[in-house]
Amino acid sequence: MQAEQLKGHLDSLLLAALEDGPRHGYAVMEALRESTGGRLALPTGTVYPALHRLEAAGLIAGRWSVVAGRRRRCYTLTDAGERALSGRRAEWRDFAAVIGAALEGKPWPSTA
Amino acid sequence: MAEHSLITDYHAALAAELPAELAEEVIDGLIEADAKYRQQGLNADSAARAAIREFGEPSVVAAEFTQAAPAKRIARRLMVTGPVVGVCWGAALIEARAWQWPVPGFIRVVLGAVLAGSVIVLLMAVLTRRYRRVHRACTLACIGLAAVDVLALTSVLVGAPSFGWLVGAAACVSAARLAFVARSFRRVLSWS
């Protein structure tokens, strides 16, 4: 899956990768790679600016630590980030269900 | 484990474009990737090359940071809202016959020059793809526009014999922009 196709979804993917606990940038990318079976063709270096954008939006919080003599920045999901992730999941389920129903030619499941 | 010269070069290329902390964070990840490829059995050269291929060229990473920089977003917002502020003041000053106000000529010249300079650097901040230039240009634009708003508000308070609701509305718009610039300025500085 190419970076172009991920536009608009990268933020949700990054938030989801931080759901299990704090991770540094490369660990976030590794978690994404693992959860998608390595099908994301995204330059790893571009994940860092996206993490900074999410931090500026208050959805994640970054903190420096020292590991193996190197400074490392780890990110944690904030409360606002958890709410955003939950909202985006719900939106994605709706979107996938609607588009899936249309593409498969099946009727939209009625809840009435 | 010593850092491979390719990674050192990558670090230098990033550090030339980005603040030290941003480059340092990316390099930490690049070293992790390099170590992963070495563990998979690649020799030092191949591992470093594979890690760099995975991360993308330094120019690509720097360009992404530039696009994500708060200064870029702030500059775009100021660029979009600028004409609104301008129209408000234009209408207000025409209605109030501002050319008859006892405002010294040099204040008018300074106001015009600072406004024109601010618009030019704001345009540079929106258009440039270089991180440091975006920050410098946005910082200058924030200072310039704050000066314009303060000068405009002071001119109204000191120079206007009386003013109607249009001038009041323009003053409110300027005050709102001043507040936005003051808040944004801190964010711009924290990312530079």
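Here is the naming used below: chain letters follow the sequence lines, and residue numbers restart at 1 for every chain.
- Taking a 6.0 Å sphere around CZ of B:R133, one finds it holds 12 or fewer heavy atoms contributed by other residues, nucleotides or ligands.
- Of the inter-residue distances, the one linking A:R71 atom CZ with B:E25 atom CD reads 9.5 Å to the nearest 0.5 angstrom.
- For a residue to count as touching a neighbouring chain, one of its non-hydrogen atoms must lie under 4.5 Å from one of that chain's; by this rule B:R53 does not touch chain A.
- Counting non-hydrogen atoms of neighbouring residues, nucleotides and ligands closer than 6.0 angstrom, the CZ atom of B:R130 reaches no more than 12 such neighbours.
- Hydrophobic cluster membership is shared by B:I107 and B:V148, with clusters built from Ile, Leu, Val, Met, Phe, Trp and Tyr side chains linked at under 4.5 angstrom.
- The greatest number of non-hydrogen atom pairs below 4.5 Å with chain B, out of A:G45, A:A68, A:A50, is found for A:G45.
- Here OH of A:Y48 is found 10.5 Å from CG of B:L14. Values are rounded to the nearest 0.5 Å.
- Counting heavy-atom pairs closer than 4.5 Å to chain A, the top-ranked of the candidates B:E32, B:E57, B:Q67 is B:E32.
- In terms of heavy atoms, B:F65 sits closest to A:H52 at CE2-CD2, 3.8 Å.
- Hydrophobic clustering (ILVMFWY, side-chain heavy atoms < 4.5 Å, transitive): B:V110 and B:W89 are in one cluster.
- In the hydrophobic clustering of ILVMFWY residues, with side-chain heavy atoms under 4.5 Å counting as a link, B:F106 and B:L151 come out together.
- Taking non-hydrogen atoms and a 4.5 Å limit, the residue list of residues 116-127 of chain B in contact with chain A is empty.
- Side-chain atoms of B:E54 and A:T44 form a donor-acceptor pair, as typed in the model, at a separation below 3.5 Å.
- Linking Ile, Leu, Val, Met, Phe, Trp and Tyr residues whenever their side-chain heavy atoms come within less than 4.5 Å leaves B:L140 and B:M79 in two separate clusters.
- Nearest approach of B:F55 to A:P43, heavy atoms of both residues: O-CB, 3.5 Å.
- B:I27 contributes atom CD1, which lies 13.0 Å from atom CZ of A:R72 (distance to the nearest 0.5 angstrom).
- With rounding to the nearest 0.5 angstrom, the OH atom of A:Y26 is 9.0 Å from the CG atom of B:L30.
- The 12-atom threshold is not exceeded at CD of A:E34, counting heavy atoms of other residues, nucleotides or ligands nearer than 6.0 Å.
- With hydrophobic clusters built from ILVMFWY side chains whose heavy atoms lie under 4.5 angstrom apart, A:M29 does not share a cluster with B:Y37.
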Checking side-chain contact (heavy atoms from CB on, under 4.5 Å) for the pair A:R70/B:E24: CA distance, chi angles, key distance, verdict?
CA-CA 9 Å; A:R70 292 197 309 271; B:E24 195 178 1; over 6 Å; no

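- Closest of all the heavy-atom pairs between B:V61 and A:P49 is O-CG, 4.1 Å.
- Under the 4.5 Å side-chain criterion, counting only non-hydrogen atoms from C-beta, A:V47 is not in contact with B:E64.
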